[in-house]
There are 2 protein chains.
Amino acid sequence: MREVAIIGIGQTPVEERWDKSLREIAGDAVIAAMNDAGRDRADGIFVGNMMSGILSHQENLGALIADWVGLRGAEAFKIEAACGSGAGAVHMGVMAVASGYMDCVIAMGVEKMSEKPMPETTAALATAADADYEADEGVSFVGLNALIMQRYLHEYGWKHADFAPFSINAHANAVHNPNARLREPITQAEYAKARMICDPINLLDASPIGDGAAALVLVPLESLQSTGMKRIKIAGSAAATDSIAVHNRHEPLWLAAAFASAQKAYAQAGIKPADIDVFELHDAFSIMSALSLEACGFAERGQGPRLGLDGEIIPTGRIPIATQGGLKARGHPVGATGVYQIVEVVQQLRGEAGQTQVDGAVTGMAQNIGGSGSNIITHILQLG
Amino acid sequence: MREVAIIGIGQTPVEERWDKSLREIAGDAVIAAMNDAGRDRADGIFVGNMMSGILSHQENLGALIADWVGLRGAEAFKIEAACGSGAGAVHMGVMAVASGYMDCVIAMGVEKMSEKPMPETTAALATAADADYEADEGVSFVGLNALIMQRYLHEYGWKHADFAPFSINAHANAVHNPNARLREPITQAEYAKARMICDPINLLDASPIGDGAAALVLVPLESLQSTGMKRIKIAGSAAATDSIAVHNRHEPLWLAAAFASAQKAYAQAGIKPADIDVFELHDAFSIMSALSLEACGFAERGQGPRLGLDGEIIPTGRIPIATQGGLKARGHPVGATGVYQIVEVVQQLRGEAGQTQVDGAVTGMAQNIGGSGSNIITHILQLG
C-alpha cells in the first residue's frame with residue numbers, strides 16, 4: 001500500500017453566499033488547493049456533500065465540479081455519509097492513491113445551505129437520521145443531541161455551565177480565523193443566558209450552518225522525495241459505523257464508531273492518544289465534544305467536560321481542540337466540514353495557524369461525525 | 001496493487017415494491033450476495049444510490065444498510081454519480097480492496113423509485129442534469145436523449161426503425177430473466193407503433209424505472225488460491241467524466257467518457273474490444289446502445305445500429321448485449337443499475353445465464369452511464 005501525502009489545501013469563508021452558486025463555491029476551494037499544490041491536473045476528484053439534491057436540485061456533483069474546475073475527463077464521484085461526507089471523500093481519495101489507481105486526487109467537500117427557507121433545510125438535515133424511526137416521529141437533529149445531552153447531565157451529574165469552555169474556546173480561536181463564520185468571543189455569562197433551542201441545548205451549544213467548501217490535493221508520499229515540499233503524511237484514515245437510530249444503540253452516551261475508527265487510525269499510525277498534538281473534533285453540539293474526547297481516549301467516560309474546565313483544550317493545553325473555531329464558530333457546512341477539519345490540521349502542522357498555532361505540533365487528528373454518531377471517520381496526519 | 005475478485009452476487013426483482021422499504025430491498029440483495037459468497041462479515045459496504053434523499057427522505061444510507069444487514073461497525077458510504085452510482089460504488093470497493101485497506105467489501109446499489117408520484121420522480125431524475133443550464137430550462141432526461149437521437153438520425157441518415165433490434169433483443173432476453181421487470185417479447189411492428197414519448201423516442205426506446213437492489217462481494221484474488229471457488233477477476237475498473245450539459249460538449253454524438261473509461265479498462269486488462277465476449281451496456285434509451293457500441297470500439301462512428309440490424313447483438317452474435325434484458329427490459333432502478341449489469345456479467349462468466357447464456361464466455365464488460373454521458377464507469381471481468 002502506498003503512503004499518501006497532502007500537498008495542497010484550500011477553503012472558502014463559511015458564510016451565506018447569495019452571490020455564488022454551488023459549483024462556484026466548490027471551484028474556489030479546489031482552485032485554491034491546486035494552486036497551493038502547484039498542480040493543474042488530477043486523476044480524480046471525490047466530492048463530499050450531503051444535501052445538494054434536496055437543496056439545489058443538483059446531483060451528479062462529481063462530474064459537475066470536475067468540469068467547472070478544468071478537470072473534465074477526470075474520475076469524479078460524490079460521497080455521502082451525512083455530516084461525515086467530507087472526511088468520507090478524503091478517505092476515498094486516500095484509498096484511490098494508496099491502491100495505485102490514481103497519482104493525484106482532489107478530495108473536497110461542499111455544502112450550500114442558504115438555498116431554501118430554514119424549515120426545508122432542517123428537514124433536509126433530518127435525512128441523516130433514521131427516516132422511518134426517528135425523523136418521521138418529528139425528531140430533529142438538535143432534538144436528538146438534546147436527548148443525549150440531557151441523559152449525560154443526568155447520568156454523570158454535570159451542570160449545563162460545565163460545557164461552557166467548549167464554546168468559549170471555539171469562539172476565542174475563531175476570532176483569528178478569517179474563514180470563520182462567527183468571529184466574536186463569548187463569555188461564561190453570555191453562554192449561560194443564551195436563548196434555549198432544545199433543552200438543555202442553547203444557542204451557544206450549537207454550531208451555525210453555512211455555505212462553504214474546502215479541498216485537499218493528495219499524492220503518493222514517495223513522489224515527494226526529490227522535492228523540498230513539506231511532507232504532511234496521512235498516517236491514519238479509518239471509518240466505522242453505528243446504528244443511525246440513537247435508541248438502537250447499546251449505550252447512547254458512548255460513541256462506539258468514534259472509538260472504533262480512532263482505534264483503527266491509531267493502529268495504522270502506530271501511535272496512542274498521548275501522541276496527538278492537536279485534535280479537530282466534531283463539535284456540532286457541545287455534548288459531542290465531550291463524547292468525542294472520551295471515545296478517542298483523552299478522558300474517562302463521563303469526564304469529557306473536565307478537560308474544558310481544566311483548561312486542557314485551548315491551544316496551549318494538553319489536547320487543543322477547535323483551534324480555528326471548530327464547527328461551533330468556524331461554522332458547519334455539513335458535507336464540507338470534514339475537509340475543513342483536515343485543512344486546519346494541515347495548517348497546524350505546517351506552522352501556519354497564526355495566533356492559535358499549537359507550538360511544535362507534528363501529529364494531528366481530525367474526526368468527522370455523520371448523523372448522531374452513526375458514521376465516524378478519523379484521520380491522523382504527521383509532519384515527516 | 002492487489003487484484004480483486006467477485007465471490008458473491010445478489011439481486012432483487014425489479015418491480016414496484018409497495019411492500020418493502022428502501023433498507024429492506026437493499027438488505028435482500030446484500031444478504032443474497034453474502035450467502036452466495038459464504039461470508040457473514042465484511043470490512044466495508046459501498047452503496048450506490050442517487051435519489052434516496054429526495055424520494056425517501058433518507059440519506060446516510062451506508063450506515064443504515066450496514067446496520068440493517070448485520071454489519072454494524074463496518075465502514076459504510078453512499079456513492080453518487082447519477083445513474084452511474086452503482087458502478088461507482090463497485091469502483092470504490094475495488095480500490096478499497098486493491099489498496100489493502102479492506103479484505104472483504106460489499107459493493108451494492110439500491111434505488112426505490114415508487115415512493116412518490118411520477119412528476120416528482122421525473123424532477124428527481126433531472127437532478128442528474130445541469131440544474132442551472134438544463135433542468136431549470138425544463139429539459140427532462142428523455143428530452144435530452146431525444147435531442148441526441150434526433151441529431152443522430154439527421155447526421156447519419158438512419159431511420160427510427162433501424163433502432164428496433166436493440167429493444168427487440170432486450171425484451172427477448174428478458175423473457176428468461178426472473179428478475180426482469182418486462183418479460184414480454186416485442187415485435188418490429190409493435191416497436192414502430194409504440195406511443196411517442198418525446199420525438200423521436202417512443203415508449204419502446206425507453207427503459208422502465210423500478211425498485212431494486214443488486215450486490216457483490218469483493219475480496220483479494222490472492223485469497224482464493226487455496227479454495228475451489230470459481231475465480232471471477234475484475235481485470236479493469238475505470239471511470240471518466242464529460243460535461244454534464246450536453247450543449248457544452250465538443251461532439252454531442254460522441255460519448256467521450258465512454259471512450260476514455262473503456263480505453264483505460266482495456267489497458268488495465270491488457271485486451272482489446274475483440275476480446276469481449278459479452279457486453280452489458282447502458283441502454284436507458286436505444287440511442288445510448290448505438291453510442292456506447294461506437295465509443296467502446298465495436299462499431300465505427302455513426303454505425304452502431306448496423307450491429308443490431310446484422311444480428312450481432314443477440315446472445316449468439318459477435319457482441320451480445322442486454323443478455324438478461326438490459327435496462328430496457330430488466331428495468332432501471334437508477335443507482336442499482338450498474339451493479340445489476342456486473343451481476344449479470346458474472347452470471348455469464350459462471351455459465352449461469354440460462355437460456356441466454358453466451359457460449360464459452362470468459363471475458364465480459366459492463367458499462368454504466370451517469371447523466372447523459374457525463375460520468376461513465378467501465379468494468380471488465382475475466383474468468384480465470
Side-chain angles (χ1 to χ4, degrees), chain A residues 1-2 21 23 44 50-54 56-64 66-67 71-82 88 91-92 94-96 98-101 123-124 126-132 135-136 237-244 248 256-257 260 370-371 374-375, chain B residues 1-2 21 23 44 50-54 56-64 66-67 71-82 88 91-92 94-96 98-101 123-124 126-132 135-136 237-244 248 256-257 260 370-371 374-375:
Chain A
M1 194 188 322
R2 301 200 295 189
S21 70
R23 79 186 81 188
M50 179 184 164
M51 298 180 291
S52 69
I54 297 174
S56 307
H57 308 298
Q58 182 71 69
E59 291 291 354
N60 211 354
L61 270 199
L64 186 88
D67 195 23
L71 297 175
R72 187 186 290 192
E75 300 205 5
F77 296 95
K78 166 173 161 172
I79 312 300
E80 188 277 321
H91 187 48
M92 296 297 153
V94 169
M95 291 193 288
S99 69
Y101 269 92
T127 63
D130 190 312
D132 297 339
D136 276 7
S237 180
T241 53
D242 198 351
S243 163
I244 291 188
N248 271 341
S374 57
N375 203 332
Chain B
M1 196 187 321
R2 301 200 294 190
S21 70
R23 79 186 81 189
M50 178 183 164
M51 297 180 291
S52 69
I54 297 174
S56 307
H57 308 298
Q58 181 71 69
E59 291 291 355
N60 212 354
L61 271 198
L64 186 88
D67 194 24
L71 296 175
R72 187 185 293 192
E75 301 205 5
F77 296 95
K78 166 173 161 173
I79 312 299
E80 188 276 325
H91 187 46
M92 296 296 153
V94 169
M95 291 192 288
S99 68
Y101 269 92
T127 62
D130 190 312
D132 297 339
D136 275 7
S237 180
T241 53
D242 198 352
S243 164
I244 292 186
N248 271 342
S374 57
N375 204 332

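These figures come from a predicted structure and were not determined experimentally. Hydrogens, waters and symmetry mates are skipped; everything else that's a heavy atom, side chains included, is used.
B:Glu59 contributes no side-chain N or O that, together with a main-chain N or O of A:Ala124, makes up a donor-acceptor pair within less than 3.5 Å. Put simply, the side chain of B:Thr241 gets close to the backbone of A:Gly73: a donor and an acceptor are under 3.5 Å apart. For B:Glu80 (side chain) and A:Lys78 (main-chain N/O), no donor-acceptor pair under 3.5 Å exists by modelled atom type.
Between the side chains of B:Asn60 and A:Thr127, not a single donor N or O lies within less than 3.5 Å of an accepting N or O.
Across all their heavy atoms, A:His57 and B:Ala131 have their closest contact at O-CB, 3.4 Å. Heavy-atom minimum distance, A:Ala239 versus B:Phe77: CB-CZ, 3.8 Å. The minimum heavy-atom distance linking B:Gln58 with A:Asp132 is given by the pair OE1-N, 4.4 Å. Considering all non-hydrogen atoms of both residues, B:Ile244 and A:Ala63 come closest at CG1-CB, 3.9 Å.
The contact between B:Met92 and chain A is made entirely by side chain atoms (from C-beta outward), counting heavy-atom distances below 4.5 Å. At a 4.5 Å heavy-atom cutoff, the contact between A:Ser237 and chain B is made by backbone and side-chain atoms alike. In this structure, the portion of A:Ala66 lying under 4.5 Å from any heavy atom of chain B is its side chain and not its backbone. For a residue to count as touching a neighbouring chain, one of its non-hydrogen atoms must lie under 4.5 Å from one of that chain's; by this rule A:Asn248 touches chain B with backbone and side chain alike. Residue A:Ala240 touches chain B through both its backbone and its side chain, counting heavy-atom pairs closer than 4.5 Å. If you measure heavy-atom distances from B:Arg23 to chain A, the contacts under 4.5 Å come from the side chain alone. With a 4.5 angstrom heavy-atom cutoff, A:Ala81 touches chain B via backbone and side-chain atoms both. For B:Ala256, no part sits under 4.5 Å from any heavy atom of chain A, backbone or side chain. With a 4.5 Å cut-off on non-hydrogen atoms, B:Ala96 touches chain A through its backbone and its side chain both.
Highest contact tally toward chain B, considering only A:Ser21, A:Ala82, A:Gly371, A:Gly62, is held by A:Ala82 [criterion: heavy-atom pairs under 4.5 Å]. The candidate with the highest count of non-hydrogen atom pairs below 4.5 Å against chain A, out of B:Gly53, B:Ala257, B:Ser374, B:Ser243, is B:Ser243.
Under the 30°/60° scheme for interplanar angles, the aromatic rings of B:Tyr101 and A:His91 are found to stand perpendicular.
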